[in-house]
Amino acid sequence: MLLLALESSCDETAAAVVRDGKHILSNLIASQVDLHAVYGGVVPELASRRHLEVINPLVEETLLKADIHQEDLDAVVVTRGPGLVGALLVGVSFAKAYAYALKVPLLGVHHIEGHILAIQLEREVAFPFLAAAVSGGHTHLYRVDGIGQYRLLGRTVDDAAGEAFDKVAKMLGLGYPGGPVIDRLAVSGDDGDIVFPRPMLKKETLDFSFSGVKTAVLNYLHRLKGPPTEKQVSQIASAFQTAVVDVLTQKIMRAADMENLERIVIAGGVACNSGLRRRFDQLAELTDKTVYFPSPILCADNAAMLAVAGDYYLTKGISSGLDLNAVSSWPLEQVTG
Ligand code: KG4
Ligand code: ZN
């Protein structure tokens, strides 16, 4: 089955052609980062307008790269939610029109389901496994017993980890998006003598809280006499990343232990973080757990990731009607296979 997948939930317009939910023929991403950077974050209205401008040429280019014609497509899958509703609507409307014109099935897919299953495009990870979805909008831990079988184990009670990276970068004048730039600065590993709190780490819960770390950074900046020097900015970024990585690794390992799961999948934009990847590499030698990170292009928002669940559901005869609508919030547990 040859699928066209479309993603427009936030600030990337993405399209992919995937065969049998496994083989990526093309996977293109039109990033809007430059458009939003001047505002220090995503401006929803601008995001929708840009999606509208680029989706048509992007799909054409994606088919060209895959060396296929639109008549070769067997179905269209699209992110239905969660995300910015105006942004989602562009992808959903385009997908509906495209599927209708081609007379092929259409399916709306959950964005986080896409992230969690992206790894399967690179290597088969057997069920069950623990999935950590760590992105700009999510920091959620799930027990995954199969496609469509998700049990929420813990989640952030305030900011998502990626959101905290973005907000701290903004405070430090490092621009948007914050994750990659903080990651770059933290490579030095020089935290100075700065130690930020690790919220909720001692508690038994598998929930997270990141707004306290962010506030601790703000308070630290207020206590400085004047703007931070370049070196201080690096040290603050590094100490912040150390705190977030500490919390993420410890809670993820705890969840896997509690659920008796041997395999762990880390997904979403924050899974690109080199400090997090390094920490799990080190841990691998000390535990019997196997930790899987998709390649960076499959961690960040992309469309190919939707094809794994898309292919599975469509093969089972599950599809969406032309009344498919975008949804800004949609708990993953409500998705069933
Ligand atoms: O999954 P994603 O591309 O979009 C959402 O679904 O939110 O994740 C975007 C988030 C942003 O907050 C961005 O700052 C963060 O992922 N991010 C990173 C890194 N690369 C992207 N965070 C930490 N380290 C990185 N290297
Ligand atoms: Zn995402």
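As the structure lists them, so they are numbered: ligands from 1, and atoms in each ligand from 1. It should be emphasised that the depicted structure is a prediction, and the values quoted were computed from it without experimental measurement.
- Looking at heavy atoms from C-beta onward, L322 lies in side-chain contact with L106 at the 4.5 angstrom threshold.
- Here is the list of ligand 1 atoms found below 4.0 Å of a heavy atom in A300: 3 (O).
- Close approach to G137 involves these atoms of ligand 1, each under 4.0 Å from a residue heavy atom: 7 (O).
- Using a cut-off of 4.0 Å between Lys/Arg side-chain N and Asp/Glu carboxylate O, K214 and D159 are scored as salt-bridged.
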**Request:** Assess whether ring pair (Phe, Tyr, Trp, His ring centres under 6.0 Å) is satisfied between F240 and F165, documenting all intermediate values.
**Result:** CA-CA 8 Å; F240 165 76; F165 268 98; 5.1 Å; yes
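- Ligand 1 lies less than 4.0 angstrom from a heavy atom belonging to P180.
- Residue contact check: C272 has heavy atoms under 4.0 Å from atoms 20 (N), 26 (N) of ligand 1.
- Counting only heavy atoms of the protein, atom 26 (N) of ligand 1 lies nearest to D183 OD2, 2.9 Å.
- When non-hydrogen atoms are compared, ligand 1 lies under 4.0 Å from the backbone of D301 as well as from its side chain.
- For H115, the closest heavy-atom approach to ligand 1 falls below 4.0 Å.
- Using 4.0 Å as the threshold, H111 has a heavy atom nearer than that to some atom of ligand 1.
- Looking at E53 and R49, no side-chain N of the basic residue comes within less than 4.0 Å of a carboxylate O on the acidic one, giving no salt bridge.
- Summary of contacts: the protein heavy atom closest to atom 1 (O) of ligand 1 is G269 N, 2.9 Å.
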**Request:** Please report the C-alpha distance between S234 and Q232 in whole Å, then the side-chain angles of each, then the deciding distance to 0.1 Å, and finally whether the side chain to side chain donor-acceptor pair (under 3.5 Å) criterion is met.
**Result:** CA-CA 5 Å; S234 269; Q232 282 170 321; over 6 Å; no
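- When ring centroids are compared, Y98 and Y100 stay outside the 6.0 Å threshold.
- Each of the following atoms of ligand 1 lies closer than 4.0 Å to a heavy atom of G162: 12 (O).
- Looking only at distances, no side-chain donor or acceptor of R155 sits under 3.5 Å from a matching main-chain atom of F208.
- The nearest non-hydrogen atom to atom 25 (C) of ligand 1, considering only G179, G275, A267, comes from G179.
- The existence of a salt bridge linking K289 and E262 is excluded, since no basic side-chain nitrogen approaches an acidic carboxylate oxygen closer than 4.0 Å.
- Using a 4.0 Å cut-off between heavy atoms, N273 contacts ligand 1 through both its backbone and its side chain.
- Contact of the L221 side chain with the L172 side chain is registered, since non-hydrogen atoms from C-beta on lie closer than 4.5 Å.
- Set against the non-hydrogen atoms of G136, the atoms of ligand 1 under 4.0 Å away are 5 (C), 7 (O), 8 (O), 9 (C), 10 (C), 12 (O).
- Legend: protein N/O/S atoms lying under 2.8 Å from the Zn ion (ligand 2), waters omitted, number 3.
- Using a 4.0 Å cut-off between a side-chain N of Lys or Arg and a carboxylate O of Asp or Glu, K65 and D67 do not qualify as a salt bridge.
- A salt bridge does not link K22 with D311: every distance from a Lys NZ or Arg NE/NH1/NH2 to an Asp or Glu carboxylate oxygen is 4.0 Å or more.
- Judged purely by atom type and a 3.5 angstrom limit, D207 has no side-chain atom pairing as donor or acceptor with the backbone of V157.
- Inter-residue side-chain proximity for R80 and V109 is flagged as unmet; no heavy-atom pair is nearer than 4.5 Å.
- Atom 13 (C) of ligand 1 has its closest protein heavy atom at D166 OD1, 3.8 Å.
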